[in-house]
Amino acid sequence: MSQSMHLPVITHSKGELADAFSRRVTYLRVSLTDRCNYRCTYCMPQDRSDLLPRDEILSFEELEQIVRVFASVGVRRVRLTGGEPTVRRDVIKCVERLARIPGIEDVVMTTNGHRLVELAEDLARAGLTGMNISVDTLDPARFRAITRRGDLGSVVAGIKASMDAGIRPLKINVVALKGFNDDEVGTLCDFSWARGIVPRFIEWMPMSDGSLFAPGSLLTAAEIRALVQAHVGRPLEEDAPVAARVVVGPARYWRVKGEPHRKVGIISAMSEHFCDTCNRVRLSATGRLHTCLAHDDDVDLRRIVRGPMAGETKDAAILAAIRGALMGKRMGHEFSTTGCGGPRKHMVTIGG
Ligand code: SAM
Ligand code: SF4
């Protein structure tokens with residue numbers, strides 16, 4: 001992508017985080033673990049011999065220290081992801097700690113939903129303010145095939161448990177795959193709308209050096225919109241102006257014309273990219289700061305957190321490393337629809 005592309009003018013005060021293209025950073029995604037109880041075919045390679053040794057993973061104290069530094073310079077939202085965040089031991093305590101940090105307004109989670117019957121109430125009590133639950137298909141056999149072991153019944157029960165626990169907003173994430181779930185786009189919308197939930201369709205991204213990606217399976221944003229329109233028999237109109245997305249997130253929202261309660265989100269990294277409004281960075285479970293999902297550049301914050309400095313000096317060093325990393329944040333991704341141009345890292349290790 002050209003470095004000279006047009007960027008929105010974003011004003012920000014001096015202390016806040018911004019990259020070299022004046023994109024303000026207010027949102028931190030945190031991978032709590034590289035482990036997962038599912039094995040989704042588009043996310044995780046079959047061979048997982050590279051699982052991280054436990055002592056390389058940040059403790060909650062270490063994570064809290066890093067998040068405090070982010071919060072001190074304007075980060076307001078933290079999303080917990082994985083692998084699967086709910087397989088991290090004591091995840092409830094983690095939510096509690098992060099939700100208490102001054103400045104952090106939202107602690108949200110992206111999960112496969114498998115353990116939510118057990119955890120939803122405690123997560124709500126701990127201060128979780130929103131959740132995205134991944135459901136690619138409503139067919140139990142297909143679900144088992146794409147997740148290589150998942151149980152649709154547990155996830156649907158987990159959605160109900162999260163609603164009963166009062167976790168809002170709740171969204172459903174669907175990776176849209178031609179030849180796999182394109183015939184379910186309408187059904188997944190109905191399933192979500194019947195529960196007052198917004199479904200979000202995600203274009204398949206070629207992570208893992210493209211090794212898991214099948215170009216013919218990419219279902220584009222335009223194709224997804226056409227499938228929704230055909231299903232409802234009415235046109236879609238954009239729900240929010242582009243400017244509003246600067247701080248909201250990567251999804252573009254659409255609503256059925258004249259029916260504002262029937263909304264659909266589409267995350268279209270591939271066919272209608274949104275890099276010019278990117279407001280986020282990602283922290284791996286080992287404390288490496290990735291300023292872009294789609295590139296392998298990272299900066300080691302754990303080295304500073306575990307180093308000899310103390311107190312404010314350590315915080316200042318963490319902040320300096322964060323600012324330095326942000327100066328190297330790329331303008332945009334280089335994904336191509338053939339599967340080239342993506343990073344070597346696996347989605348399961350960085351969490352989407
Ligand atoms: N385990 C949790 C889950 O499945 O929701 C959180 C981690 S998962 C990596 C986060 C999101 O990324 C999920 O919605 C998942 O479907 C999506 N995802 C995984 N691999 C992807 C890929 N290659 N392209 C697009 N989305 C992907
Ligand atoms: Fe696990 Fe989520 Fe990746 Fe599926 S998408 S393998 S549930 S991390």
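Residue indices begin at 1 and follow the sequence shown. Order of listing sets the numbers, starting from 1, for every ligand and every atom in it.
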* Is it possible for you to check whether R77 lies under 6.0 Å from the centre of the six-membered ring of Y27, through NZ or CZ, and within 45° of that ring's axis? =>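 R77 over Y27 ring: yes.
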* Asked: Who are the salt bridge (charged side-chain N to carboxylate O under 4.0 Å, His left out) partners of D315, not counting sequence neighbours?
  ->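 Once residues adjacent in sequence are excluded, D315 has no partner under the salt bridge (charged side-chain N to carboxylate O under 4.0 Å, His left out) criterion.
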* Asked: Given I167, which of M131, E121, M109 fulfils the side-chain contact (heavy atoms from CB on, under 4.5 Å) condition?
  ->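 That would be M131; it is the only one of M131, E121, M109 passing the side-chain contact (heavy atoms from CB on, under 4.5 Å) with I167.
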* To do: For ligand 1, would you mind listing the residues that have at least one heavy atom less than 4.0 Å away, ordered by chain and number?
  =>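 The 4.0 Å shell around ligand 1 contains Y42, C43, T81, G83, E84, T110, T111, N112, S134, N173, V175, I202, E203, W204, M205, M347, G351.
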* Using a strict cut-off of less than 4.0 Å between a Lys/Arg side-chain nitrogen and an Asp/Glu carboxylate oxygen, indicate whether D19 and R23 qualify as a salt bridge. =>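 Yes.
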* Would D183 and R142 pass as an ion pair if we require N to O under 4.0 Å? ->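 Salt bridge between D183 and R142, a charged N being under 4.0 Å from a carboxylate O: yes.
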* Asked: Which protein N, O or S atoms lie under 2.8 Å from atom 3 (Fe) of ligand 2, given by chain and residue number?
  ->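 Only C43 SG fall inside 2.8 Å of atom 3 (Fe) of ligand 2.
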* Relative to each other, are the rings of Y38 and H114 parallel, tilted or perpendicular (30° and 60° limits)? ->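 Perpendicular.
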* Asked: Taking only residues two or more places apart in sequence, or in another chain, which ones meet F70 in a ring-ring contact (aromatic ring centres under 6.0 Å, His included)?
  ->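 Partners of F70 by the ring-ring contact (aromatic ring centres under 6.0 Å, His included) criterion come out as none, since no residue qualifies.
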* **Other residues, nucleotides, ligands: >12 heavy atoms within 6.0 Å of K329 NZ** =>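 Result for NZ/K329: enclosed.
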* Within a radius of less than 6.0 Å around CZ of R168, do more than 12 heavy atoms belonging to other residues, nucleotides or ligands occur? ->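 More than 12 within 6.0 Å, yes.
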